[in-house]
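Letters A, B, ... are given to chains in the order of the sequence lines, protein chains preceding strands, and every chain is numbered from 1. Source: prediction; values computed, not measured.
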Amino acid sequence: MTMEDTTETQWDEDGRLEVLTFDLQAEKFAVEAVLVREILDLLPETVVPGADRLVASVANFRGKIIPIADLRLAFGLPSAESTMDSRIVVVELDVDGVPTQIGIRTDKVHEVTTLHRNASETPPTVGLRWRRDFIRELVRTPQGVIVLANIARIFDPLLGGRATPAVLAPALL
Amino acid sequence: MSQNDPVAAFRVEAGEVLEQVEQGLLDLGHRLDDHELIDAVFRGLHTLKGSGAMFGFDALASFTHHCETAFDRVRKNLTPATPQLIAVILSAQDHMRALIEGDATDRKAEGDAILAKLQAALDGAPAPTPEAPPVVQGWRLSLRLPPEAMQNGINPLALLDELRTLGDCRIVARTDQVPPLAELVPTECHIGWDIEVRGAVSRDDLEDVFIFVLDDLDLQIEAIGDTSCDDVEDTAPPPGAGTTPSALPPTRVDTMPPAQDRDPATTPNGRGAPKTGESVRVPAERLDLLMDRVGELVIVQSRLSQLAHSSGSNATDVALRSISEEIERLASELRDTVMVLRMVPVATLFGRFRRLVHDIARDTGKTIELSTDGETTEVDKTVIERLADPLIHLIRNACDHGIEPPERRLAAGKPEIGQVRLSARQEGGEVVITIRDDGHGIDRERVRAKAEAHGLLQPGQVVSDQELLQMIFHPGFSTAPQITSLSGRGVGMDVVKRTIESLRGTIEVASVSGQGSAMSLRIPLTLAIIDGLLIRVGDGRYVIPLAVVEECIELSLEEDLRSRGRSFITLRDRLVPFVRLREMFATGTKPSVHQKIVIIATGTERVGLVVDQIIGSHQTVIKPMSAVHCNVPTFAGATILGDGGVALILDVVQLVALGQHQEERLRAVA
């Protein structure tokens with residue numbers, strides 16, 4: 001595993017990055033489009049007693065048992081009821097070379113969009129109420145600031161530091 | 001991986017050839033001048049060199065070339081086979097394996113070091129024994145090919161022509177086995193040959209002609225005229241015995257253990273014999289995929305049957321039910337068929353341990369013999385893979401701690417050679433693998449002292465013999481006075497036990513002081529699908545493996561209230577601790593009025609689980625938990641229910657440990 005891969009944003013040579021944007025509460029988040037496998041309606045979830053609150057339940061994703069994560073906890077947002085617009089974004093990480101899918105509960109999924117490096121800022125060291133290492137970039141767009149989340153880093157503690165983003169995947173949208 | 005990828009195919013083939021060469025080398029270690037084995041090893045190396053070069057593994061080809069050359073000298077009696085030479089070639093094997101697996105760029109130095117050792121082994125060898133080949137006037141050969149030889153591409157004429165190039169030949173066809181015309185199959189070879197070759201030809205020259213068909217061939221070579229006694233011995237076998245190693249000179253038999261000698265599976269011909277029947281090589285991941293699909297089918301089928309059974313009684317509903325039942329039958333048959341596909345004989349596992357024992361014996365200076373039986377016993381592929389590490393540890397323990405050094409064995413009146421016996425057999429839905437050694441056994445006094453020192457036992461506490469022996473599986477427990485490089489590798493007996501338990505298996509220990517120990521692993525045949533008991537706790541549904549369920553009893557509300565604070569019940573004069581799953585899982589729900597206690601047992605330990613409802617038995621396709629949940633110990637996996645929902649599978653071992661812990665706490669209070 002290379003630590004650089006999980007901490008540096010993979011801009012292409014033109015300084016662009018394709019991401020999928022989604023809402024959590026009033027914030028707009030993004031994950032790299034290459035990590036996204038699928039976007040699903042909410043699934044019936046099964047609570048796993050004793051599991052970390054970040055991934056408190058599992059669901060049946062095409063015969064596979066995948067954890068369902070609530071990123072609100074990672075970003076200190078209050079929990080909320082699901083709505084008509086709630087969706088699950090399935091992302092894939094590499095754990096010791098084994099592709100591992102995780103469903104992320106979101107309030108609303110927007111679209112695949114392109115972020116530009118020259119509009120991005122590394123998160124400030126002060127004045128941020130979130131854990132800095134959970135965020136790759138803050139990117140200004142006409143619709144407001146988008147938070148590019150560092151998915152591998154968020155789940156890393158649960159995976160014992162073995163996670164890397166699964167790249168080279170076909171974007172599914 | 002593509003099936004058609006020739007390089008991948010070469011890797012697989014080469015791996016098998018290497019395995020055969022390794023087995024040959026290990027056998028050769030016991031019978032240094034067995035020509036059959038020397039030839040087999042040589043052929044293996046030759047094949048590896050040739051096909052390696054063909055597929056662009058140049059480093060492999062050139063490296064193997066040196067080993068082949070060395071063995072060629074052995075084969076031609078220019079150099080004797082020595083234990084040193086075999087050891088070097090064994091280590092060269094590991095290098096070849098690395099060359100086959102990966103790239104050869106940074107391995108040059110490693111290879112050169114081995115080649116230097118190889119040269120040293122060749123130089124250091126004593127002068128070749130029969131340096132001057134005996135002068136003979138000629139040879140008499142009797143040759144017969146198997147009937148299907150020509151279909152296999154063997155051209156007898158070419159062989160005869162090659163013989164003619166060696167010297168003056170007189171060839172007489174033997175037609176005594178040619179069947180009547182009506183029964184004659186023209187593509188089969190019914191003719192044998194008696195051949196006399198005159199001239200200064202060595203026996204090896206003759207055998208060289210047949211080197212690639214030796215396995216299938218009935219060939220006898222006799223010298224004409226005066227020969228050295230060595231040759232007389234080799235040509236002694238009676239007609240018909242052919243070239244099988246059963247015709248070994250009697251003087252060499254005493255160096256071999258009878259058990260191993262008689263075992264047909266360990267003789268080179270037994271292993272190398274051409275397989276009858278057709279088989280298809282399928283990548284393992286395709287089988288896994290197939291199993292997944294079957295698992296999904298079983299799930300969908302149970303949804304269908306749920307729907308069918310809740311439907312009414314009009315004609316369509318009845319038809320639906322009948323279809324559903326049919327599909328249920330088909331799905332279960334399909335499941336059984338696929339399960340059989342995944343079964344592999346434990347021989348694939350046992351084969352690896354011969355090398356292990358060989359290496360340990362060399363490192364410890366002990367003489368140890370590994371014998372195996374029941375290699376044909378079949379176990380699920382995944383089980384086999386996960387058994388490898390624990391077995392390596394147990395065998396290492398047996399060799400390192402169990403078997404005594406030769407001098408102590410002799411002093412104790414035992415044969416100098418230590419025996420480790422590995423056996424497998426099927427018993428119902430389980431396979432039992434036993435590792436037995438004839439070492440000094442487990443020192444119960446020392447186990448007890450150690451257990452008391454660790455606080456696992458109170459001084460003077462009475463425990464059963466089995467309980468005492470099971471102490472060795474506690475973490476940090478080692479009765480060996482000193483840790484050696486072999487056994488102190490971090491994989492403790494506790495890890496062995498945990499691995500076996502994660503396979504839903506158990507370990508039994510038996511030991512007779514001074515006579516040896518035996519560890520018996522009982523493992524279920526498959527991991528993929530189990531019979532489960534579906535229960536409800538709060539709003540969640542869970543599965544308990546049915547195999548561990550002893551009984552289910554009612555927990556009345558009064559008893560529940562009465563037992564607050566002291567969570568055990570009396571069951572046939574035994575106190576059984578119980579765990580309220582509702583509390584443990586913090587469901588936040590009220591207890592059901594008709595709570596049940598499911599009594600589960602592993603070995604002699606029992607624990608009760610209080611559940612809200614018992615839903616019924618359930619064909620459980622086990623799915624692994626996601627990696628993010630691997631730190632949740634209570635669950636061994638999950639399964640998908642008929643309605644598409646997920647039920648978690650309880651990890652029985654963890655729960656029993658929890659119950660036991662609770663019991664200990666209670667005892668401490670009382």
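For the set Ser57(A), Pro67(A), Gly50(A), the count of heavy-atom pairs under 4.5 angstrom toward chain B peaks at Pro67(A).
Qualifying side-chain contact (heavy atoms from CB on, under 4.5 Å) partners for Arg498(B), counting only residues two or more places apart in sequence or in other chains: Asp494(B), Val495(B). Not counting sequence neighbours, the partners of Glu137(A) by the side chain to side chain donor-acceptor pair (under 3.5 Å) test are Thr9(A), Ser120(A).
Between Ile640(B) and Ile65(A), the closest side-chain pair of non-hydrogen atoms falls below 4.5 Å.
The side-chain contact (heavy atoms from CB on, under 4.5 Å) with Val48(A) is formed by just one residue from the set Thr634(B), Val646(B), Leu648(B), Val628(B); it is Leu648(B).
Heavy atoms closer than 4.5 Å to chain A are found in the side chain of Phe635(B), but not in its backbone. Heavy atoms closer than 4.5 Å to chain B are found in the side chain of Ile102(A), but not in its backbone. Contacts between Met625(B) and chain A at a heavy-atom distance below 4.5 Å involve the side chain alone, from C-beta outward. With a threshold of 4.5 angstrom between heavy atoms, Ala69(A) does not approach chain B through any atom at all.
For His629(B) (side chain) and Val55(A) (main-chain N/O), a donor-acceptor pair under 3.5 Å exists by modelled atom type.
Counting non-hydrogen atoms of other residues, nucleotides and ligands closer than 6.0 Å to CG of Asp133(A) gives a total above 12. Counted within 6.0 Å of NZ on Lys596(B), heavy atoms from surrounding residues, nucleotides or ligands total more than 12; the atom is thus considered enclosed.
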Q | side-chain contact (heavy atoms from CB on, under 4.5 Å) between Thr100(A) and Ser626(B), worked out | A | CA-CA 7 Å; Thr100(A) 303; Ser626(B) 161; 3.9 Å; yes
